[in-house]
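Positions are given from 1, in the same order as the sequence printed here.
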Amino acid sequence: MKLKTIICVFMMLAFAGVKAQTDVKKETFSKEALKEKVVGLNNEEISFKDVLKKYKGKVVVIDFWASWCSDCIKGMPEVKKLQAQYKDGNTVFLFLSLDKAVDSWKKGIERFDVVGEHYYIQAGWKGSKLCEDVKLDWIPRYMIVDKTGKIAYYKAIKANDEQLINNLKSLQ
C-alpha cells in the first residue's frame with residue numbers, strides 16, 4: 001500500500017512540474033535582452049529595445065526562426081494566414097532570425113517569401129541574451145508583445161496555437 005502511495009505522490013508532483021513549465025508567465029524582457037544588438041536588413045545594428053520602440057502602440061507578433069529550420073518553413077503558411085487576418089496596420093510581424101550567416105538569412109527571406117519586419121540575431125542562439133532571457137529551446141517560437149511593450153503571450157511553437165490566436169484577438 002505504501003509503494004502505491006509513493007508512486008501516486010511522485011506522479012502528481014511530476015505532472016504539476018510539467019504544468020508549471022507550460023504556464024510560464026513573463027511580462028518583460030530583461031535589461032540584457034533589451035540591450036542586445038540585432039542587425040536589420042540594411043546591415044545596421046540596433047538594440048532590441050529600439051526595435052520594440054519602433055512598434056510601440058502596435059501589437060507585435062515575434063517569430064524566432066531560421067531558414068535551415070524545417071519546422072519554421074512548414075509553419076510559414078499558418079503565419080501568412082495570421083498576417084492576412086491582421087493586415088490592418090495595428091499588428092506587426094517581427095521575424096528574428098537565428099541563421100548562421102547574414103547571407104543565409106537574407107536568402108531565406110526571399111526564398112520563402114517571408115513578409116514582415118526582419119532582424120538577425122548576430123550573437124547566435126547560444127550566445128544571445130535575448131534567446132537566453134526567453135528560454136528559447138525550440139524554433140519556431142512565437143510570442144506576442146502588446147501595444148505598451150509588455151509580453152502578452154510568452155510561448156507558442158505553432159502559429160495556429162489556440163492561445164496565441166486568442167491572445168492576438170483580445171489585443172486588437
Side-chain angles (χ1 to χ4, degrees), residues 15 17-27 29 33 36-43 46 48 51-52 54-55 58-146 150-172:
F15 286 120
V18 169
K19 180 158 177 48
Q21 288 176 3
T22 59
D23 288 348
V24 171
K25 181 75 170 149
K26 181 174 178 63
E27 292 184 355
F29 294 99
E36 183 164 341
K37 299 285 185 183
V38 294
V39 177
L41 287 172
N42 58 5
N43 296 323
I46 183 173
F48 183 61
V51 169
L52 290 177
K54 287 171 65 173
Y55 309 114
K58 297 182 184 245
V59 175
V60 181
V61 177
I62 299 175
D63 182 345
F64 288 89
W65 79 293
S67 64
W68 51 260
C69 168
S70 63
D71 287 341
C72 299
I73 304 314
K74 287 177 194 168
M76 282 299 171
E78 292 299 327
V79 172
K80 289 175 192 272
K81 284 181 188 175
L82 281 179
Q83 287 176 313
Q85 281 183 291
Y86 297 99
K87 61 183 176 188
D88 57 10
N90 293 321
T91 304
V92 172
F93 287 81
L94 176 62
F95 295 89
L96 300 177
S97 172
L98 290 161
D99 273 286
K100 298 189 187 322
V102 171
D103 288 344
S104 301
W105 163 55
K106 289 182 177 181
K107 286 177 186 172
I109 292 168
E110 257 185 71
R111 181 176 175 203
F112 301 111
D113 190 30
V114 184
V115 178
E117 301 299 312
H118 295 278
Y119 294 91
Y120 173 73
I121 300 176
Q122 58 188 346
W125 193 335
K126 301 295 180 198
S128 167
K129 293 294 182 189
L130 175 58
C131 292
E132 181 182 319
D133 184 47
V134 300
K135 296 178 180 23
L136 190 67
D137 59 356
W138 187 264
I139 57 175
R141 163 79 171 277
Y142 307 96
M143 299 176 69
I144 302 173
V145 176
D146 71 15
K150 288 193 175 173
I151 299 170
Y153 191 67
Y154 181 67
K155 185 177 183 179
I157 59 171
K158 294 187 177 192
N160 62 356
D161 179 276
E162 189 176 326
Q163 286 183 311
L164 178 90
I165 293 167
N166 289 340
N167 274 280
L168 194 50
K169 284 178 187 174
S170 74
L171 292 169
Q172 296 305 307

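In the displayed structure, Lys80 atom NZ is contacted under 6.0 Å by more than 12 heavy atoms of other residues, nucleotides or ligands. Within 6.0 Å of the NZ atom in Lys106, the count of heavy atoms belonging to other residues, nucleotides or ligands exceeds 12.
Taking OH of Tyr120 as the start and OG of Ser104 as the end, the distance is 7.5 Å to the nearest 0.5 Å. Interatomic distance, CG of Asp146 versus CG of Leu171, reported as 6.0 Å (0.5 Å rounding). One finds the OG atom of Ser97 at 13.5 Å from the OH atom of Tyr119 (value rounded to the nearest 0.5 Å). Distance NZ/Lys37 to NZ/Lys129: 16.0 Å, rounded to 0.5 Å. Taking CG from Leu130 and CG from Leu96, the interatomic distance works out to 6.5 Å, rounded to the nearest 0.5 Å. Taking CG from Leu52 and OH from Tyr55, the interatomic distance works out to 9.0 Å, rounded to the nearest 0.5 Å.
Listed by chain and number, the residues in a ring pair (Phe, Tyr, Trp, His ring centres under 6.0 Å) with Phe29 are Phe48 (sequence neighbours excluded). Annotation: ring pair (Phe, Tyr, Trp, His ring centres under 6.0 Å) contacts of Phe93 (sequence neighbours excluded): none. With sequence neighbours excluded, no residue satisfies salt bridge (Lys or Arg N to Asp or Glu O under 4.0 Å) with Asp88.
Between the side chain of Ser128 and the backbone N or O of Trp125 there is no donor-acceptor pair closer than 3.5 Å. Of the possible donor and acceptor atoms, none in the side chain of Gln122 sits under 3.5 Å from a partner among the backbone N and O of Val39. Distance alone, capped at 3.5 Å, places no donor-acceptor pair between the Trp138 side chain and the Ala156 backbone. With hydrogens and angles disregarded, no donor-acceptor distance shorter than 3.5 Å links the side chain of Glu27 to the backbone of Ile151. Between the side chain of Arg141 and the backbone N or O of Tyr154, at least one donor-acceptor pair lies under 3.5 Å. A donor-acceptor pair under 3.5 Å is formed between the side chain of Asp99 and the backbone N or O of Ser67.
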Step by step, would you call Phe95 with Ile62 a side chain to side chain contact (heavy atoms under 4.5 Å, CB included)?
CA-CA 6 Å; Phe95 295 89; Ile62 299 175; over 6 Å; no
How far apart are the C-alpha atoms of Val145 and Leu94, what are their side-chain angles, what is the distance that settles it, and do they pass the side chain to side chain contact (heavy atoms under 4.5 Å, CB included) test?
CA-CA 10 Å; Val145 176; Leu94 176 62; over 6 Å; no
For Lys169 and Tyr86, what are the C-alpha separation, side-chain angles and deciding distance, and is it a side chain to side chain contact (heavy atoms under 4.5 Å, CB included)?
CA-CA 9 Å; Lys169 284 178 187 174; Tyr86 297 99; 3.1 Å; yes
Would you please test Glu36 and Ile121 for side chain to side chain contact (heavy atoms under 4.5 Å, CB included) and show each step?
CA-CA 9 Å; Glu36 183 164 341; Ile121 300 176; 3.4 Å; yes
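Contact check for Met143 versus Val60: no side-chain heavy atoms found under the 4.5 Å cut-off. The side-chain heavy atoms of Thr91 and Leu168, taken from C-beta on, include a pair separated by under 4.5 Å. Val79 is listed as a side-chain neighbour of Gln83, based on a closest heavy-atom distance under 4.5 Å. Residues Leu82 and Ile165 form a side-chain contact, since some pair of their non-hydrogen atoms from C-beta on lies under 4.5 Å apart. Using a 4.5 Å cut-off on side-chain heavy atoms (C-beta onward), Asp71 and Pro140 make contact. For the pair Lys81/Asn160, no side-chain contact is recorded, criterion being any heavy-atom separation below 4.5 Å from C-beta on. Residues Ile139 and Trp65 fail the side-chain proximity criterion, which asks for heavy atoms closer than 4.5 Å. Asn90 places none of its side-chain heavy atoms less than 4.5 Å from the side chain of Val59.
Salt bridge present: Lys155 and Asp137 bring a charged side-chain N and a carboxylate O closer than 4.0 Å.
Smallest separation of non-hydrogen atoms from Ala159 and Tyr142: N-CE1, 3.3 Å.
With hydrogens and angles left out, the side-chain atoms of Tyr153 and Gln163 include a donor and acceptor closer than 3.5 Å.
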